[in-house]
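Everything below concerns the one structure shown next.
We name chains A, B, ... by the order of the sequence lines, and we start the count at 1 in each one. Worth knowing before you read on, the calculation uses all heavy atoms, side chains too, and leaves out hydrogens, waters and symmetry mates.
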Amino acid sequence: MDDLEFRRTIYADPHSQDERLKHTAGKEPAKAQAWQEAKQLDERIKRAAHVAVPEGMAQRLLLRQSMQEFRQQRQRRHWTLGLAASFVLMVGLSFVLWQQGPVEVDLTENALAHIYHEEKALIVDEDISLTQVNAKLASFGGEFTADIGKVYYANFCHFKHVKSLHLVVGSPQGKVTVFIVPHHQGQKTDDAFSDKRYQGKTLDMQQASLILVGDKQQQLVPLEEKLKTRLRFSA
Amino acid sequence: MFFRKQSPSASVHADMANKQKRYEALVQALHGDIYRYAYWLVGDKAVAEDIVQETFLRAWKSLDSLLDEKAAKSWLITILRRENARRFERKQFDLVDMDDYSLADQGPEHDEQLQQQEIHRLIASLAEEYREPLMLQVIFGYSGDEIAQQLDLNKNTVMTRLFRARNQIKEALESAEQNRGRKNG
């Protein structure tokens with residue numbers, strides 16, 4: 001092993017186990033001396049490289065890991081809790097909406113719309129008996145206790161999903177349309193209403209609204225009084 | 001129902017406990033040398049500790065991929081070197097001066113301590129390409145082949161760098177010695 005190779009080897013790896021290196025060092029004391037010095041230098045480098053580790057570092061590493069793990073578990077919990085909560089909210093909301101139906105229904109507006117829509121009801125004369133009217137009313141638990149005069153027309157109709165009774169009744173001043181609409185959440189009524197052709201009155205009874213609609217000049221009060229006193233609802 | 005968390009099976013618990021144990025063993029066995037290596041890589045104690053924290057957190061996350069405990073050292077070194085590189089991607093740091101590990105005790109071994117301090121400074125002043133293989137050899141006891149593998153270099157290159165590293169330190173020490181001799185004489 002020549003000088004250069006020897007020097008390169010002992011400085012690249014002072015603890016080399018190379019047989020040729022040992023052989024060369026065995027023959028030449030100067031080289032053995034140089035090798036010894038290289039080993040001493042390496043010891044000092046090792047000591048210098050071995051810097052002090054900050055105190056408590058292992059504990060900090062373990063702590064940080066367990067905190068991270070804890071946070072992740074919490075996040076996982078939040079995630080499932082959030083899902084469950086929104087599911088419950090969704091069920092709750094749809095239940096409430098399903099129960100309520102449309103938000104608010106203006107009955108008087110509906111009454112007018114109905115009359116225009118079913119104009120034939122004011123033309124026909126089906127001459128309906130009180131018994132027939134009461135048969136229909138029975139489905140709301142209602143009944144006319146005495147004759148209410150001539151009934152031209154009687155049929156079920158729907159006030160925004162609420163099954164109601166549509167009557168056309170005779171009065172001294174001509175035909176009057178009467179709606180009997182069972183009470184339901186979200187209904188809105190006006191005591192008196194009118195448009196350019198009709199005028200109407202609403203009477204809130206115990207279980208239903210009584211809506212009367214007639215021509216502008218008609219007196220509705222007498223009929224209203226008559227119906228009110230004769231209409232009974234079984235509890 | 002929805003609010004009740006399914007209690008994890010016993011085997012999952014056992015796996016977690018096992019993972020925790022492996023991790024603690026890894027930390028206890030290697031955090032010192034990994035920290036030292038980080039210190040010589042970045043030259044700053046606080047930054048070194050930060051990088052070691054990041055390294056071990058990443059190690060925890062992918063601990064399942066570490067199958068052979070014997071490979072743990074080189075696995076951690078790889079993560080550490082990547083963390084260090086990432087630090088430079090994030091922000092171009094001003095080159096930090098190596099912290100001085102000043103030695104308070106100035107007893108009879110004062111000379112010896114001064115010399116150790118000198119060597120510390122000389123290691124710190126080596127170019128990174130010389131310092132890194134030297135530290136792998138000195139701190140972790142890596143062979144030339146292992147260093148070559150870790151740094152993805154060829155073995156001859158590694159041996160040359162190791163030689164140059166020690167040679168530079170030796171020559172610097174010798175010239176300092178001569179200067180002192182001249183002043184004293």
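In the displayed structure, A:Gln206 atom CD is contacted under 6.0 Å by at most 12 heavy atoms of other residues, nucleotides or ligands. The neighbour count for A:His23 NE2, taken as heavy atoms of other residues, nucleotides or ligands under 6.0 Å away, does not exceed 12. For A:Asp191, the CG atom sits in a loose shell: 12 or fewer heavy atoms of surrounding residues, nucleotides or ligands are nearer than 6.0 Å. Crowding of A:Glu119 atom CD: a count of heavy atoms from other residues, nucleotides or ligands under 6.0 Å exceeding 12. Heavy atoms of other residues, nucleotides or ligands lying less than 6.0 angstrom from NZ of A:Lys228 number 12 at most. By the neighbour-count criterion of 12 heavy atoms within 6.0 Å, atom CD of B:Glu129 is densely surrounded, having more than that number from other residues, nucleotides or ligands. Within 6.0 Å of atom NE2 in A:His183, more than 12 heavy atoms from other residues, nucleotides or ligands are found, so the atom counts as buried in its surroundings. For A:Glu109, the CD atom sits in a loose shell: 12 or fewer heavy atoms of surrounding residues, nucleotides or ligands are nearer than 6.0 Å.
Annotation: the span from A:Gln65 atom CD to B:Leu26 atom CG amounts to 11.0 Å, rounded to 0.5 Å. Between atom CD1 of residue B:Ile119 and atom CD of residue A:Glu43 there is a gap of 10.5 Å, rounded to the nearest 0.5 Å.
Of the atoms belonging to A:Gln68, it is side-chain heavy atoms, and not backbone ones, that fall under 4.5 Å from chain B. Contact of B:Ser143 with chain A is not made at all, since no heavy-atom distance falls under 4.5 Å. For a residue to count as touching a neighbouring chain, one of its non-hydrogen atoms must lie under 4.5 Å from one of that chain's; by this rule B:Leu173 touches chain A with the side chain only. Only the side chain of B:Gln20 comes within less than 4.5 Å of a heavy atom of chain A; its backbone N, CA, C and O stay farther away. Using a 4.5 Å cut-off between heavy atoms, B:Met159 touches chain A through backbone and side chain atoms alike. Within the 4.5 angstrom heavy-atom criterion, atoms from both the backbone and the side chain of B:Glu24 approach chain A.
Salt bridge status for B:Glu49 with A:Arg60: present, with a side-chain N to carboxylate O gap under 4.0 Å.
Among B:Arg161, B:Gln115, B:Arg164, the residue with the largest count of heavy-atom pairs under 4.5 Å with chain A is B:Gln115. Ranked by heavy-atom pairs under 4.5 Å with chain B, the first of A:Lys46, A:Arg7, A:Arg47, A:His50 is A:His50. Of all the listed residues (A:Thr9, A:Leu83, A:Ile45), the one sharing the greatest number of non-hydrogen pairs under 4.5 Å with chain B is A:Ile45.
Heavy-atom minimum distance, A:Asp42 versus B:Arg166: OD1-NH2, 2.7 Å. A:Ala49 and B:Arg36 get closest at one heavy-atom pair: O-CD, 3.8 Å. A:Leu61 and B:Val52 make their closest contact through CD2-O, 4.0 Å (heavy atoms, listed as atom of the first residue, atom of the second, distance). Between B:Ile123 and A:Ala48, the shortest heavy-atom contact is CD1-CB, 4.0 Å. In terms of heavy-atom proximity, A:Val53 sits nearest to B:Gly32 at CG2-CA, 3.6 Å.
Residues B:Glu54 and A:Arg64 are in side-chain contact: their nearest non-hydrogen atoms beyond the backbone lie under 4.5 Å apart. Side-chain contact between B:His120 and A:Val51: present, with at least one pair of heavy atoms (C-beta onward) separated by less than 4.5 Å. Looking at heavy atoms from C-beta onward, A:Leu62 lies out of side-chain contact with B:Phe56 at the 4.5 angstrom threshold.
A cation-pi arrangement is found for A:Arg8 relative to B:Phe163, the charged atom lying closer than 6.0 Å to the ring centre and inside a 45° cone about the ring normal.
A distance-only check finds a donor-acceptor pair linking the side chain of B:Gln137 to the backbone of A:Ala12 [under 3.5 Å].
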